[in-house]
J.: 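Below you'll find the structure I mean.
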Amino acid sequence: MRLSKSFIPTLKEAPTEAVIPSHILMIRAGLARQLSAGIYSWLPIGYKALRKIMDIIREEMNAIGGQEFHFPSLNPKEIWEQTGRVEAFGDILFQIKNRDYVLAPTHEEIVAYHAKGAIVSYKDMPQIWYQIQTKFRNEPRPRSGVIRGRQFIMKDAYTLDKDDAGLDVGYDLHDKAYRSIFDRCRLKYFVVGASSGAMGGSKSEEFMVKSDAGEDTVAYCEKCGYASNVEVAQSVALPAKRHAESKPVYEISTPNVKSINELCAFLKIHEQETAKSRIYIHDGQPVLVLMLGNDEVNETKLGSVIGGNVRPAHPEELKEITGADAGSIGPIDFKHRIIADNLLKDANNLYSGANKNDFHIGGIDLLRDAPKIEYFDLRTVKSGEKCIRCGSTLEVFKAIELGHIFKLGTKYSEALGVMFLDETGKEKPIVMGSYGIGVERIFACFIEQNYDEKGIVWKEPLAPFNIHLIGLNMKNGAVSEACEKIYIELIADGYEVLFDDRKDVSAGFKFNDADLLGMPIQVIVGEKNLKEEKVEVKNRRTGEKKVVELNKLLELLKKPF
RNA sequence: CGGAACGUAGCGCAGUCCGGUAGCGCACUUGAAUGGGGUUCAAGGGGUCGCGGGUUCAAAUCCCGCCGUUCCGACCA
């Protein structure tokens with residue numbers, strides 16, 4: 001492709017709205033432009049790379065027997081009401097104003113709709129149906145460029161099986177296909193066990209990429225590969241002690257001491273000797289959650305332990321329930337349910353709030369002073385703690401969810417009455433699985449992992465072009481002639497070539513554009529080298545340059561350096 | 001939805017406090033020079049100052065309302 005005739009609007013400065021590197025570079029390199037919050041237009045070069053990602057996905061999905069569909073984005077609202085998901089999605093679901101349609105945020109309902117009456121026998125299964133298509137979600141806060149948009153491209157796949165054993169097979173096929181897809185896209189990723197959340201179903205795994213722009217937090221063990229969403233992650237941490245002798249309970253004046261850090265500094269004690277209290281409202285009743293030192297309550301764990309509706313108490317409620325404000329609350333004389341983290345089990349000689357502002361209590365023995373206390377794993381794993389699997393050190397970081405695979409089960413087939421007859425002639429609901437990949441997230445994550453101060457650094461096979469051919473001074477007849485010849489030869493040799501044939505652009509400008517766009521190899525044709533029948537070849541990633549004779553160019557390009 | 005900031009040319013910004021002819025850099029157009037890392041000189045084009053209302057002789061600037069964008073949080077399959 002000739003740059004002089006292409007729409008590749010590169011920018012020296014990026015709009016201030018772009019904050020993360022992938023977003024800034026996508027815009028600076030002329031790959032995409034924002035239309036509105038969370039809505040992006042893909043420009044030719046960006047779309048070219050995006051298509052390469054989609055091609056890889058197609059190949060891997062076809063390889064496991066997937067059949068490509070194209071379902072409508074515009075869906076009758078009625079079908080969504082039948083599965084209760086108009087309510088479940090709430091404001092996230094886009095609704096059409098002048099007809100009872102919704103814009104599909106995913107396609108379980110539509111797959112089930114088409115399966116109904118068409119997949120009628122166990123002999124019709126298994127089926128793997130997939131599509132690569134635009135999805136719509138009315139995100140309250142789009143952010144990080146294409147990482148969280150209101151409109152985005154998703155590969156979604158669905159398995160239809162006669163039983164759980166069949167679902168297991170389909171799930172494993174997708175697990176393998178996903179690994180191949182992300183491997184081929186040259187991403188550094190990892191797989192975490194996750195909770196299936198509002199999708200329903202039994203088992204789910206997320207494919208994640210480490211990134212500060214991520215919206216999930218993950219605990220990861222480099223050594224053994226243990227990876228888990230912090231919502232459910234566990235670790236080995238030092239428990240509070242039980243000393244041989246319990247001191248009596250005593251009150252301490254602690255003016256203006258609120259946080260655990262302040263308490264430790266004031267009393268010259270260690271965090272391990274303190275217990276932090278948080279008040280939650282559980283189905284209308286107060287619950288005191290006691291944590292060791294500065295440990296954070298993991299609200300997902302709390303929710304699954306006690307069930308029902310749980311929310312943190314409001315500041316006004318704290319005073320009413322405990323008689324004190326946050327920072328002075330403790331388990332002694334607390335009138336309601338108390339649950340504590342396992343690390344505090346049976347500890348003594350602890351310091352905690354006195355339920356009286358500006359006072360704390362020392363000498364707390366949980367066995368003696370809070371006999372009804374219940375213990376659970378309630379803490380949020382922190383970086384540096386030990387892996388529960390291998391004892392090595394855990395790292396906690398932000399991550400972007402690239403893909404998610406679910407064993408759905410029969411939730412949708414039952415809601416929509418999608419039944420088949422099994423070997424014995426018995427009617428059963430079809431067993432479904434659902435498998436998603438954020439196509440644009442692959443794109444953004446790749447850039448997050450492959451850039452430098454000059455710009456993007458593409459790797460095959462995602463690079464929009466294999467070679468960026470630069471004619472330095474195209475007004476020079478020898479240079480332009482040589483370039484034209486090389487351009488034709490490279491194309492004939494099967495390369496995709498972006499040819500900077502602009503006549504009116506200085507050398508430095510072309511170099512910077514080439515580095516910004518980031519094709520893996522640059523072939524640079526300038527007067528000096530050309531006088532000796534030579535051109536320069538530059539590796540974008542390493543910056544390494546080689547000057548070769550014209551007739552050795554194709555040979556050199558065959559072995560990457 | 002809670003907190004904060006911003007909105008002036010395609011992009012980055014100044015001007016707003018203290019009302020009085022709308023500016024700068026990059027990009028763009030024309031011409032010339034240059035031609036291996038955003039080169040130089042000259043001459044140009046481009047703006048309902050987010051929208052609506054109000055105050056005023058006069059509003060980018062002051063007041064009110066709305067919209068949009070971004071960040072932090074909440075939310076999130």
Side-chain angles (χ1 to χ4, degrees), chain A residues 7 9-20 23-24 27-28 30 33-39 83 85 88-93 104-108 135 137-145 147-150 152 154 156 194-201 204-206 213-217 229 231 299-300 311-312 314 400-401 403-408 411-412 433-438 453-455 470-480 500 502-516 522 524-531 534-536 538 543 545 547:
Chain A
F7 184 65
T10 57
L11 294 173
K12 197 169 178 176
E13 292 174 293
T16 38
E17 289 88 55
V19 176
I20 64 167
H23 189 194
I24 291 170
I27 292 179
R28 283 196 53 212
R33 283 281 171 93
Q34 181 170 333
L35 178 63
S36 178
I39 306 178
T83 56
R85 289 221 290 181
F89 270 103
D91 198 44
I92 296 293
L93 185 69
T106 175
H107 279 85
E108 282 80 10
K135 297 286 194 281
R137 295 183 192 185
N138 186 21
E139 293 289 349
R141 178 144 107 82
R143 69 182 98 177
S144 304
I147 288 172
R148 179 191 279 233
R150 294 208 169 113
F152 55 96
M154 185 172 177
D156 48 321
S195 69
S196 41
M199 286 294 285
S204 88
E205 270 172 4
E206 291 171 323
E215 299 174 328
D216 292 87
T217 309
N229 202 307
E231 289 182 347
E299 294 184 3
T300 307
R311 63 163 174 88
H314 302 306
I400 295 168
E401 180 187 339
H404 203 158
I405 58 179
F406 291 94
K407 290 188 180 178
L408 283 181
K411 176 179 169 172
Y412 297 95
S434 157
Y435 316 86
I437 291 180
E453 67 286 348
K454 285 287 197 175
I470 302 171
L472 285 184
N473 178 10
M474 290 297 288
K475 285 179 184 165
N476 178 297
V479 171
S480 74
D500 193 342
R502 292 175 293 184
K503 281 192 164 63
D504 49 359
V505 174
S506 71
F509 207 100
K510 290 189 176 189
F511 285 131
N512 282 310
D513 262 359
D515 288 345
L516 175 60
Q522 295 172 11
I524 301 153
V525 182
E527 274 177 84
K528 284 178 201 160
N529 284 324
L530 204 56
K531 276 178 188 154
K534 286 177 179 171
V535 292
E536 183 179 306
K538 177 181 151 183
K545 297 172 184 174
V547 177

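Just so you know, these numbers come straight off a predicted model, no measurement behind them. So you know, we letter chains A, B, ... as the sequences are listed, proteins then strands, and number each from 1.
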J.: Spell out yes or no: do the side chain of A/Glu17 and the base of B/G7 have one donor N/O and one acceptor N/O closer than 3.5 Å?
T.: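 Per atom types, no contact qualifies.
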J.: If you go through the side-chain atoms of A/Asn529, does one of them form a donor-acceptor pair with the base of B/G36 closer than 3.5 Å?
T.: yes
J.: Across all strands, who's sitting opposite B/G37 as a Watson-Crick or G-U wobble pair, both distances under 3.5 Å?
T.: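 Checking every strand shown, B/G37 finds no partner, since no pair has both distances under 3.5 Å.
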J.: Tell me the interatomic distance from A/Arg141, atom CZ, to B/G3, atom P, rounded to whole angstroms.
T.: 15 Å
J.: Between B/G37 atom P and A/Asn512 atom CG, what is the distance in whole Å?
T.: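 Value for this atom pair: 10 Å.
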J.: Remember a base hit wins even if backbone is also touched, and classify A/Lys545 as base, sugar-phosphate or nothing at under 4.0 Å, heavy atoms.
T.: base
J.: Within the structure shown, what part of the strands sits under 4.0 Å from A/Pro9 by heavy-atom distance: base, sugar-phosphate, or nothing?
T.: nothing
J.: Of all the choices, B/G37, B/G25, B/C72, which nucleotide is nearest to the side chain of A/Glu13 once you look at every atom?
T.: B/G25
J.: What distance separates A/Lys510 NZ from A/Ile470 CD1, expressed to the nearest 0.5 Å?
T.: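 That separation rounds to 8.0 Å.
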J.: To the nearest Å, how far apart are A/Glu215 CD and B/G73 C1'?
T.: 13 Å
J.: So how far is it from A/Thr10 OG1 to A/Asp513 CG, rounded to the nearest 0.5 Å?
T.: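 Interatomic distance, A/Thr10 OG1 to A/Asp513 CG, rounded to 0.5 Å: 3.5 Å.
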J.: Across the strands shown, which category fits A/Asp91 at heavy-atom distances under 4.0 angstrom: base, sugar-phosphate, nothing?
T.: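 Answer is nothing: A/Asp91 stays at 4.0 Å or more from every strand.
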J.: What's the gap between B/A22 and B/A32 when it is taken at their C1' atoms, as a whole Å value?
T.: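 It works out to 31 Å between them.
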J.: Taking any strand in view, what nucleotide pairs with B/G52 in a Watson-Crick or G-U wobble way, both distances under 3.5 Å?
T.: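 B/C64 is the nucleotide pairing with B/G52.
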J.: Of A/Pro142 and A/Leu530, whose nearest nucleotide on RNA chain B comes first from the 5' end?
T.: A/Leu530
J.: Any base atoms under 4.0 Å from A/Pro140, or only sugar-phosphate, or nothing? Heavy atoms, all strands.
T.: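 Answer is base: heavy atoms of A/Pro140 come under 4.0 Å of a base.
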J.: Measuring from the side chain of A/Lys475 (C-beta onward, heavy atoms only), which nucleotide among B/U34, B/G12, B/G37 has the closest atom?
T.: B/U34
J.: Rounded to the Å, how far apart are A/Leu93 CG and B/C75 C1'?
T.: 16 Å
J.: Within the pair A/Arg28 and B/C11, is there a side-chain N or O less than 4.0 Å away from OP1 or OP2?
T.: no
J.: When the P atoms of B/G35 and B/U40 are considered, how many whole Å apart are they?
T.: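 Looking at atom P only, B/G35 and B/U40 are 14 Å apart.
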J.: Could you tell me whether the side chain of A/Thr106 reaches within less than 4.5 Å of the side chain of A/Arg85, counting heavy atoms only?
T.: yes
J.: Counting any heavy atom closer than 4.0 Å, what does A/Glu536 reach on the DNA or RNA strands: base, sugar-phosphate only, or nothing?
T.: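 The residue A/Glu536 makes base contact.
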J.: Could you give the distance from OG1 (A/Thr300) to CD (A/Glu231), rounded to the nearest 0.5 Å?
T.: 3.5 Å
J.: I need the A/Glu527 CD to A/Leu472 CG distance, nearest 0.5 Å.
T.: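 Going from the CD atom of A/Glu527 to the CG atom of A/Leu472 covers 9.0 Å.
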J.: Taking OP1 and OP2 of B/U70, is either one under 4.0 Å from a side-chain nitrogen or oxygen of A/Arg143?
T.: no
J.: Looking at every strand, decide which applies to A/Val505 at a 4.0 Å heavy-atom threshold: base, sugar-phosphate, or nothing.
T.: base
J.: Between B/C71 and B/U29, how far is it from one C1' atom to the other, in whole Å?
T.: 38 Å
J.: Please tell me which of A/Ile524 and A/Thr16 maps to the more 5' nucleotide of RNA chain B, matching each residue to the nucleotide holding its nearest heavy atom.
T.: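 It is A/Thr16 whose nearest nucleotide is closer to the 5' end.
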J.: With a cut-off of less than 4.0 Å, is there a side-chain N or O of A/Ser506 near OP1 or OP2 of B/U34?
T.: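 False: A/Ser506 side-chain N/O out of range (4.0 Å or more) of B/U34 OP1/OP2.
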J.: Quick one: which of B/G12, B/U69, B/G35 gets closest to the side chain of A/Ser36?
T.: B/U69
J.: So what does A/Ala18 hit on the nucleic acid, given a heavy-atom distance under 4.0 Å: a base, only sugar-phosphate, or nothing?
T.: nothing
J.: What is the distance, to the nearest angstrom, from the CG atom on A/Leu11 to the P atom on B/G10?
T.: 13 Å
J.: Please report the distance separating the C1' of B/C64 from the corresponding atom of B/G3, rounded so that it comes out in whole Å.
T.: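 Comparing C1' positions in B/C64 and B/G3 gives a spacing of 23 Å.
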J.: Between atom NE2 of A/His107 and atom OG of A/Ser434, what is the distance when rounded to the nearest 0.5 Å?
T.: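 Rounded to the nearest 0.5 Å, the NE2-OG separation comes out at 11.5 Å.
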J.: Could you tell me how far apart A/Asn138 (CG) and B/C75 (P) are, to the nearest whole angstrom?
T.: 18 Å
J.: Just name whichever nucleotide pairs with B/G23, Watson-Crick or G-U, keeping both distances under 3.5 Å, else none.
T.: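 By the stated definition (distances under 3.5 Å), B/C13 pairs with B/G23.
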J.: Once you round to the nearest 0.5 Å, how far does CD of A/Glu215 lie from CZ of A/Arg143?
T.: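 Taking CD in A/Glu215 and CZ in A/Arg143, the distance rounds to 5.0 Å.
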J.: Quick one: A/Asp504 CG to B/U39 P, roughly how many Å, whole number?
T.: 13 Å
J.: Measure distances between side-chain N and O atoms of A/Asn473 and base N and O atoms of B/G36, and say whether any donor-acceptor pair falls under 3.5 Å.
T.: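 Under the 3.5 Å cut-off, the side chain and the base do not form any donor-acceptor pair.
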J.: Check the distance between B/G73's P and A/Glu139's CD and give it to me in whole angstrom.
T.: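 Roughly 16 Å, once rounded to whole Å.
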